[in-house]
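Data first, discussion second: the structure below is written as structure tokens.
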Amino acid sequence: MTKSLVFNLPSDSTSMINKFQLEKVLSNARTSIYQNDYMRFSVDNSVVRVLLYNENDINLLEQIREYFYGEDYAAQ
């Protein structure tokens, strides 16, 4: 099963693309789509929609949450 998440667009989306080793699949006036073997990112003007291909990959889910919520996320 898949898992969908939505986050605010980070100020430096290039670092997001590099961190998760994403490749551009599609780009149009409204949305850019990047993906790797484990997930797909749809980047709009103000949000990032993340689709995890395996909802049971807890380590990847935690990496994504920590990236978008910051270092303090793990302490919460």
Side-chain angles (χ1 to χ4, degrees):
M1 296 290 283
T2 61
K3 181 168 189 76
S4 297
L5 307 157
V6 179
F7 302 98
N8 286 329
L9 182 65
S11 58
D12 183 9
S13 57
T14 303
S15 75
M16 173 186 70
I17 294 165
N18 292 333
K19 167 134 177 96
F20 295 107
Q21 300 175 354
L22 302 169
E23 296 180 27
K24 186 182 279 190
V25 177
L26 172 82
S27 185
N28 60 35
R30 186 173 168 198
T31 304
S32 294
I33 298 176
Y34 299 86
Q35 70 180 17
N36 63 26
D37 291 340
Y38 309 104
M39 60 192 146
R40 175 175 284 188
F41 284 48
S42 298
V43 181
D44 292 337
N45 289 332
S46 60
V47 298
V48 178
R49 291 171 183 82
V50 180
L51 177 66
L52 296 178
Y53 298 145
N54 179 1
E55 71 176 338
N56 296 320
D57 191 340
I58 302 302
N59 290 329
L60 183 57
L61 178 59
E62 288 303 310
Q63 287 177 17
I64 291 170
R65 286 180 173 162
E66 195 172 304
Y67 178 81
F68 285 101
Y69 293 139
E71 295 176 9
D72 295 333
Y73 167 73
Q76 295 178 9

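Keep in mind the model is a prediction, meaning the values are calculated, not measured.
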Would you say that [X] contacts [Y] through its side chain, given a criterion of any heavy-atom pair below 4.5 Å between the two side chains?
X     : Y     : value
Met39 : Ile64 : yes
Leu9  : Asp44 : no
Thr31 : Arg49 : no
Leu60 : Gln63 : yes
Ser13 : Val48 : no

Which heavy-atom pair separates [X] from [Y] by the least distance, and what is that distance?
X     : Y     : result
Phe68 : Val50 : CE1-CG2, 4.4 Å
Asn36 : Gln21 : CB-O, 3.6 Å
Met16 : Leu22 : O-CD1, 4.2 Å

Do [X] and [Y] sit in one hydrophobic cluster, given that two such residues count as connected whenever their side-chain heavy atoms are within less than 4.5 Å of each other, even indirectly?
X     : Y     : result
Phe7  : Val47 : no
Ile33 : Phe41 : no
Tyr38 : Val25 : no

Using the test side-chain contact (heavy atoms from CB on, under 4.5 Å), find all partners of [X] that sit at least two apart in sequence or belong to another chain.
X    : answer
Asn8 : none
Ser4 : Leu51
Lys3 : Leu5, Leu52, Glu55, Leu61, Arg65

> Can the ring centres of Tyr34 and Phe20 be said to be less than 6.0 Å apart?
Replying inline: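 For Tyr34 and Phe20, the ring centres are not under 6.0 Å apart.
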>> Given 3.5 Å as the limit, does a donor-acceptor pair link the side chain of Asn28 with the main chain of Arg30, or not?
In response: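 Indeed, once roles are kept as given, a pair shorter than 3.5 Å links the two residues.
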